[in-house]
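Small disclaimer: the values here were computed from a predicted structure and weren't measured.
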Amino acid sequence: MKKILTTVLIAASAQLAWADALKDLDSFLQGTQTGRADFTQVVTAPAKDGQVARSKTSSGTFEFQRPGRFKFVYQKPFEQTIVADGRTLWLYDVDLNQVTQRPQAQALGSTPAALLAAAPDLKALRAEFTLETAPEQDGVQWVLARPKAKDGQLHSVRVGFASGQLAALDILDSFGQRSLIRFANVQNNPALPATAFQFKPPAGADVLKP
């Protein structure tokens, strides 16, 4: 009987912890209008022809402002900037001196960015994603989101929280590539300058509009 009771209590505690992840996501969406963090990203491509899967690590800074504005600045190993200014999504590759410009409404949709910077609450997020709790791992509680649209490149994304704070994004695309982004030094609702999400192509840069 004691073993059964212990098992029930453990299962109940797990269910409560998993439910808290959805609460953390809802609180984040409703209570965080701006954010800033450092990030480390590990991209792992699926193994091919029996070879060991290879990973690439990059790092930089991340900022966002609701609704629909965000910026990733990759600093290592290569400099790259991704900016969404509310109308246009810009991708600037410093080494190539090349800018890719896309309408933001077409480029985002059911993407990880929509989870952090676009949707105001869980109800709005559920219009684009199917949400469910996922098991806790290494002190991080996860929400699993699957896009309802089946024609995109995103298979699923897990949003992780630790002690109620945004901790990670775990992204799996339709080709089997995994991108794990871990956040550090997270600041909620910092004052960001009006120019934070403005982008102007550098002089001499090639501007592509796919």
At what distance, to the nearest 0.5 angstrom, does [atom1] of [X] lie from [atom2] of [Y]?
X	Y	atom1	atom2	result
Arg182	Thr40	CZ	OG1	9.5 Å
Ile82	Asp93	CD1	CG	10.0 Å
Gln104	Arg87	CD	CZ	10.0 Å
Asp38	Phe62	CG	CZ	12.0 Å
Asn189	Gln65	CG	CD	10.5 Å
Leu122	Lys23	CG	NZ	11.5 Å

Verdict with reasoning, Gln198 to Asp85, per side-chain contact (heavy atoms from CB on, under 4.5 Å): CA-CA 6 Å; Gln198 295 178 6; Asp85 63 13; over 6 Å; no
Here the side chain to side chain donor-acceptor pair (under 3.5 Å) pairs for residues 69-84, sequence neighbours left out, are Gln41-Tyr74
Exam field: side chain Thr34 to backbone Pro190, donor-acceptor pair closer than 3.5 Å: yes
Measure the shortest side-chain to side-chain distance between [X] and [Y] over non-hydrogen atoms and say whether it is less than 4.5 angstrom.
X	Y	value
Asp121	Asp26	yes
Leu91	Val99	no
Thr88	Phe199	no
Leu29	Arg66	yes
Phe70	Leu89	yes
Leu125	Leu25	yes

Does [X] share a hydrophobic cluster with [Y], counting links as ILVMFWY side-chain heavy atoms below 4.5 Å and allowing steps through other members?
X	Y	value
Phe72	Val43	no
Leu169	Val83	no
Leu180	Leu172	no
Val186	Phe28	yes

side-chain contact (heavy atoms from CB on, under 4.5 Å) assessment of Phe78 paired with Val94: CA-CA 8 Å; Phe78 306 107; Val94 176; over 6 Å; no
Between [X] and [Y], which heavy-atom pair has the shortest distance, and what is it?
X	Y	answer
Phe197	Ala84	CB-O, 4.1 Å
Pro46	Gly176	CD-O, 3.6 Å
Val42	Ser55	CG1-CB, 3.9 Å
Glu63	Arg36	OE2-NE, 3.1 Å

Pair Phe183 and Phe39, ring centroids less than 6.0 Å apart: no
With a sphere of 6.0 Å drawn around CG of Asp138, does it hold more than 12 non-hydrogen atoms of other residues, nucleotides or ligands? no
Using a 6.0 Å cut-off, check whether atom CD of Gln153 has over 12 heavy atoms from anything other than its own residue. no
List the steps, then state whether side-chain contact (heavy atoms from CB on, under 4.5 Å) holds for Trp142 with Leu144. CA-CA 6 Å; Trp142 297 92; Leu144 176 63; over 6 Å; no
Phe129 vs Val143, side-chain contact (heavy atoms from CB on, under 4.5 Å): CA-CA, chis, key distance, verdict: CA-CA 11 Å; Phe129 294 89; Val143 175; over 6 Å; no
